[in-house]
There are 2 protein chains.
Amino acid sequence: MTKTRQAPKRERILDVAEELFALRGYDGVTLRQIANNAGVDVALASYHFGKKLDLFNAVFERRAAHLNSARLDALEACQASADAAGPTVEQIIEAFLRPLELAQETGDPGWQNYLALIAYINNSPYWGPRMMSKLFDGLVSAFIAALRKALPGARDEDIYWCYHNLSGALTLTLAQTGRIDKLSGGKCLSADFEAAYDHMIPFVAAGFREVCGRSGKKRA
Amino acid sequence: MTKTRQAPKRERILDVAEELFALRGYDGVTLRQIANNAGVDVALASYHFGKKLDLFNAVFERRAAHLNSARLDALEACQASADAAGPTVEQIIEAFLRPLELAQETGDPGWQNYLALIAYINNSPYWGPRMMSKLFDGLVSAFIAALRKALPGARDEDIYWCYHNLSGALTLTLAQTGRIDKLSGGKCLSADFEAAYDHMIPFVAAGFREVCGRSGKKRA
DNA sequence: TTTATTTTTCAACGCTTGTTGAAATAGAGC
DNA sequence: GCTCTATTTCAACAAGCGTTGAAAAATAAA
């Protein structure tokens with residue numbers, strides 16, 4: 001089974017699908033729009049991926065493993081460099097968010113579209129339940145466990161609500177709607193992930209500590 | 001021009017459109033689906049509202065004024081009952097969020113669908129820019145001004161990023177994806193707006209104070 | 001009841017959709 | 001060169017789309 005031959009247009013289809021699905025959603029994009037923007041015949045998408053829904057899933061699967069291992073690596077790294085009490089809340093949130101920035105810094109604009117697409121499904125009552133668990137449940141469980149250790153005595157219920165707030169703030173950031181640009185008169189930019197996380201990390205860490213009890217206080 | 005005659009099916013179309021658009025998005029719903037679920041002929045939607053996009057806009061306009069004045073009233077009420085220094089961050093956030101809960105408590109499930117629909121457009125790079133400003137810019141400006149006064153010395157940039165985090169947490173709550181239900185094993189429920197705001201208010205207020213400086217400290 | 005107006009349905013239009021089978025093209029191994 | 005397989009295009013399909021004009025039904029006014 002020779003694997004040498006590769007299909008360059010196959011990747012172009014994935015790139016364009018990623019971009020358009022992120023902007024308009026699954027139903028807002030036609031296979032012909034994808035094919036035209038990729039400079040390819042309509043039938044080629046069906047040849048490579050099957051049904052439209054299979055193409056949608058293929059877009060997610062292309063980068064999922066890479067993204068998840070980058071974030072898990074960051075968590076393990078901050079756990080390895082911590083003392084016996086484990087990493088602080090800030091350090092855990094940092095490990096949760098910063099790899100997303102690195103993905104953008106590769107210069108591949110596809111990563112930005114991919115993250116916007118994840119924001120789309122996470123906020124969707126239709127797609128969320130059938131896609132988020134499959135993609136991220138393992139990752140989220142690992143971070144929740146770390147947070148639980150960093151916040152001794154906290155009630156599980158409180159931790160999950162706080163994680164929900166974190167997930168929402170992150171989701172709106174990834175969606176890149178440009179709303180904060182207009183509201184702030186250009187002082188803040190949706191595309192500036194670094195600034196977003198610089199503000200989100202202390203914001204979220206303070207929220208966790210406030211809601212989950214003072215026991216998880218900031219350490220030096 | 002007699003206005004006495006009313007069209008009962010017109011409201012049913014709006015109700016069903018609200019529900020289906022919130023679940024599947026603008027492009028994920030057909031006029032025939034809306035008509036069938038409303039027990040009505042397809043052409044009736046065009047008769048009452050014109051194009052599909054006009055129906056979409058009509059759904060938003062039906063409840064927009066009611067919602068905005070409820071939230072503005074809450075802001076003015078907490079400002080009226082405050083001392084010269086103005087309301088605290090908690091009180092402002094409370095005025096921003098609690099009216100959304102009241103809307104749900106009317107028992108009209110349409111409000112829940114409406115709020116989920118707002119979450120959909122706020123998170124959408126396509127719909128957000130062309131709809132959110134028109135609906136909520138005035139309201140948001142009033143709350144930002146109140147927060148600025150409650151956080152003296154804070155940089156505008158920081159306030160906007162904090163508001164962005166609040167907006168994201170709220171948006172994911174309104175979207176009602178049910179993800180927190182599954183993650184928490186049933187300990188937390190997406191439909192429980194009261195619990196969501198009970199956790200969101202102290203979480204967000206602590207975040208604002210952490211990021212926007214200690215000057216806006218909690219007051220008795 | 002008759003008339004006038006609004007509401008609702010019926011029937012159909014031109015167009016786009018996702019999908020498919022067959023034909024054409026291209027590249028690797030011989 | 002030829003052969004085989006993977007890739008890509010071509011052409012067309014049945015189904016569903018938003019939209020519309022005219023007919024029918026319902027309601028209000030007279």
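Just so it is clear, the model here is predicted, and its values are computed rather than measured. Every chain is numbered from 1, with letters handed out A, B, ... down the list of sequences. As a basis for the values below, the full set of heavy atoms in this structure was taken, side chains included, without hydrogen atoms, waters or symmetry mates.
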Can you tell me how far P of D:dT20 sits from CG of B:Asp54, to the nearest Å? 10 Å
Give the nucleotide from the list C:dT19, D:dT19, D:dC17 with an atom nearest to the side chain of B:Lys52. D:dT19
Once you round it to whole Å, what is the distance between P of D:dC17 and CG of B:Leu31? 9 Å
Applying a 4.0 Å non-hydrogen cut-off, can you work out what B:Val40 is touching in the nucleic acid: base, sugar-phosphate, or nothing? sugar-phosphate
May I have the distance from B:Gln33 (atom CD) to D:dG18 (atom C1'), rounded to whole angstrom? 13 Å
Is it the case that B:Asn123 and B:Thr171 place a side-chain donor and acceptor less than 3.5 Å from each other? no
Ignoring backbone atoms, establish whether B:His48 has a side-chain N or O less than 4.0 Å from OP1 or OP2 of C:dT8. yes
Before accepting this row, confirm whether a basic side-chain N of the pair A:Lys187/B:Asp158 lies closer than 4.0 Å to the acidic partner's carboxylate O. no
Measure from CG on A:Asp41 to C1' on C:dA22 and round the result to the nearest Å. 13 Å
Mapping A:Tyr47 and A:Arg32 onto DNA chain D by nearest heavy atom, which one lands closer to the 5' end? A:Tyr47
B:Glu11 atom CD is separated from C:dT8 atom P, nearest whole Å, by 11 Å
So B:Arg62 and B:Glu18, do their side chains get closer than 4.5 Å, heavy atoms only? yes
Rounded distance (Å) that lies between atom C1' of D:dA26 and atom CZ of B:Arg10: 18 Å
A:Leu44 has a side chain; which of D:dT20, D:dT9, C:dG18 sits nearest to it? D:dT9
Would you indicate which nucleotide in C:dT8, C:dC10, D:dT19 comes nearest to any side-chain atom of B:Lys51? D:dT19
For A:Lys52 and A:Asp27, run salt bridge (charged side-chain N to carboxylate O under 4.0 Å, His left out): C-alpha distance rounded to whole Å, both residues' side-chain angles, the deciding distance at 0.1 Å, then the answer. CA-CA 10 Å; A:Lys52 183 184 182 186; A:Asp27 299 292; 5.1 Å; no
Tightest non-hydrogen contact, residues A:Val16 and A:Ile34, listed as CG1-O, 3.6 Å
So if I take every side-chain heavy atom of B:Ala43 and compare against C:dC10, D:dC17, D:dT8, which nucleotide ends up nearest? C:dC10
Rounded interatomic separation in angstrom, taking CG from B:Asn36 and C1' from C:dT8: 15 Å
To the nearest angstrom, how far is B:Asp27 atom CG from C:dT17 atom P? 11 Å
Out of C:dG18, C:dT20, C:dT9, minimum distance to the side chain of A:Ser46 belongs to C:dT20
